[in-house]
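Worksheet for the structure shown next.
Just so it is clear: chains get the letters A, B, ... in the order the sequence lines come, proteins before strands, and each one is counted from 1.
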Number of protein chains: 2
Amino acid sequence: MEQLFAYFRKFNSLSKESEEAIAEISSSITIKKNKDLQSIGHTCKTIYFIKKGVARIYYLHKGIDITENFFFENNIIARVESLLTGKPSRKAIQILEDAEIISINANALFELYDRFHEIERLFRKIFEAAYVDTVNRIEGIQFHTAEERYKALLHEAPDVLKRVPLKYVASYLGITQVSLSRIRGHR
Amino acid sequence: MEQLFAYFRKFNSLSKESEEAIAEISSSITIKKNKDLQSIGHTCKTIYFIKKGVARIYYLHKGIDITENFFFENNIIARVESLLTGKPSRKAIQILEDAEIISINANALFELYDRFHEIERLFRKIFEAAYVDTVNRIEGIQFHTAEERYKALLHEAPDVLKRVPLKYVASYLGITQVSLSRIRGHR
DNA sequence: CTATTCCTTTATCATAAGATAAATAATTAA
DNA sequence: TTAATTATTTATCTTATGATAAAGGAATAG
């Protein structure tokens, strides 16, 4: 759990009591490459923290597999739309490298918000940061060519290109696999 | 202020004490069409609520004016990246129709988080909703043609097209004004 | 009311990326 | 190891959108 608390500390430090309360509603899992941690149509009631490994959130658009985002170790991952609405998610979480994961019961966590103001504060800050990241990503998508987006990824997150199959990267960049391959050819 | 509290109630109801505390750190302003409520380079320390009128957030990308988003009455508007980082914003808020606005002192609001847990909860929920909206917008941008995006806007937010100059809508949709005009011509 | 400025449309040409097909290359299973 | 499957690249053709220029409309200031 220490690894998770270290991640939390980047946003908001917690008291020992809060950390223990979170530990009580959490459990560890290991899961193999290419398995779906959660599948499409399942209502999300869990927040995950990746201790080790890589995952992605994906969905189907007109029958085509689209990667919404990649998640590496020391990050949390959840299908937030489903978590917040209580509706089945159109999205799935797939493991791309054998992973060690902490799963946190989301409803139990939300109940902790009442007892521990600082836990709610922590997640407020996490969401604020996620919101800003996402707004910035819109700018990246809308005003850069696919080639610029590829080069930015190569520069800012070279791990993605080293550890993830290119076919998943293509849809994350908003282009076809064939286009990505063509862009990589321009050297 | 009642109009603002009614908006808040959609996310989280507040006690009279909380409402009064927010009222104390708020003030009303009126501002004319085409004026910048906040300009580029200014550090954002205010959250606004639009009682009446229309506004947009815009920034310059390679010298070209880009609309990040439109905001109509009964919504809050803020340059969140600047608010959270304390750094000058690359973005500006411009009024597109004569407006009546409530301005909330952001630092004073953040201090209220300590005294009124429910106010922090309210803003947690507002950010969660904004995050989900933004993630969905990425899908719209990435996997629909400009024409589909235009038609979706026409269907979901016809007010934008009625009340806002098309040149601002074009960059919001991620296309040039000329392309938007061509798309509108396809009937 | 008129002149000026700004907004929107139309037209032409150039180009990045999509669709499809097929050839390699890499990975996985038997 | 070999066969089968899956991933990536290359090639060809098509199309949506960008860039630029210019004309027509609408709004605003004086």
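Checked against side chain to side chain contact (heavy atoms under 4.5 Å, CB included), Ser15(B) has the following partners two or more places apart in sequence or in another chain: Glu17(B), Ser18(B), Glu118(B). Evaluation of the side chain to side chain contact (heavy atoms under 4.5 Å, CB included) rule for Ala108(A) yields Ile25(A), Asn105(A) as partners, not counting sequence neighbours. Under the ring pair (Phe, Tyr, Trp, His ring centres under 6.0 Å) criterion, Phe11(B) pairs with Tyr7(B), not counting sequence neighbours. Here Glu148(B) pairs with Lys62(A) under the salt bridge (Lys or Arg N to Asp or Glu O under 4.0 Å) rule; sequence neighbours left out.
Summarising the geometry of Thr46(B) relative to Leu83(B), their closest heavy-atom pair is N-CD1, 3.9 Å, with the distance given to 0.1 Å. Taking every heavy atom of both residues into account, Gln38(B) and Arg79(B) meet most closely at OE1-NH2, 2.8 Å.
Salt-bridge annotation for Glu120(A) and Lys125(B): absent, with no side-chain N of the basic residue lying under 4.0 Å from a carboxylate O of the acidic one. Under a 4.0 Å N-O distance rule, the pair Arg115(A)/Glu24(A) does not qualify as a salt bridge.
The main-chain N or O of Ile66(B) is never found under 3.5 Å from a side-chain atom of His61(B) such that the two would form a donor-acceptor pair. Proximity of a side-chain donor or acceptor of Glu68(A) to a complementary backbone N or O of Tyr58(A) within less than 3.5 Å is not detected.
At a non-hydrogen distance threshold of 4.0 Å, Pro165(A), Leu166(A), Lys167(A) from residues 158-169 of chain A come into contact with DNA chain D. Residues from residues 145-152 of chain A placing a heavy atom under 4.0 Å of any atom in DNA chain D do not occur. Heavy-atom distances under 4.0 Å link DNA chain C to Ile175(A), Thr176(A), Val178(A), Ser179(A), Arg182(A) of residues 175-182 of chain A, given in residue order. Less than 4.0 Å separates DNA chain D from no heavy atom of any residue of residues 56-69 of chain B.
With rounding to whole Å, Gln142(A) atom CD is found 14 Å from dT17(D) atom C1'. Computed from coordinates, the Ile183(B) CD1 to dT15(D) P distance equals 17 Å when rounded to whole Å. If you take CD1 of Ile141(B) and C1' of dT17(D), they are 16 Å apart, rounded to a whole angstrom.
Under 4.0 angstrom from either OP1 or OP2 of dT9(D) there lies at least one side-chain N or O belonging to Arg184(A).
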Glu139(B)/Lys91(A) under salt bridge (Lys or Arg N to Asp or Glu O under 4.0 Å): CA gap, chis, key distance, verdict: CA-CA 12 Å; Glu139(B) 187 178 343; Lys91(A) 297 168 187 173; 5.1 Å; no

Test salt bridge (Lys or Arg N to Asp or Glu O under 4.0 Å) applied to Glu147(B) and Lys151(B), step by step: CA-CA 6 Å; Glu147(B) 183 153 5; Lys151(B) 286 185 174 157; 3.3 Å; yes

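An end-to-end axis angle of 50° holds for the helix from dC1(C)-dG30(D) to dA30(C)-dT1(D), taken from five base pairs per end and rounded to 10°.
Judged by distance alone, the side chains of Ser82(A) and Thr43(A) never bring a donor and an acceptor atom under 3.5 Å apart.
Note that Arg56(A) lies outside the cation-pi zone of Tyr172(A), set by a 6.0 Å cut-off to the ring centre and a 45° limit from the axis.
Between Phe49(A) and Phe71(A), the ring centre distance reaches or exceeds 6.0 Å.
Taken from OG1 in Thr67(A) to CG in Leu96(A), the straight-line distance is 7.5 Å, to the nearest 0.5 Å.
Residue pairs meeting the side-chain hydrogen bond (donor to acceptor under 3.5 Å, both in side chains) criterion with at least one member in residues 126-136 of chain B, sequence neighbours excluded: Arg124(B)-Glu128(B). The salt bridge (Lys or Arg N to Asp or Glu O under 4.0 Å) analysis of residues 25-43 of chain A, with sequence neighbours excluded, yields the pairs Lys32(A)-Asp98(A).
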Check the interface with nucleotides 27-29 of chain C: list each N/O to N/O pair with the protein under 3.5 Å, or write none.
none

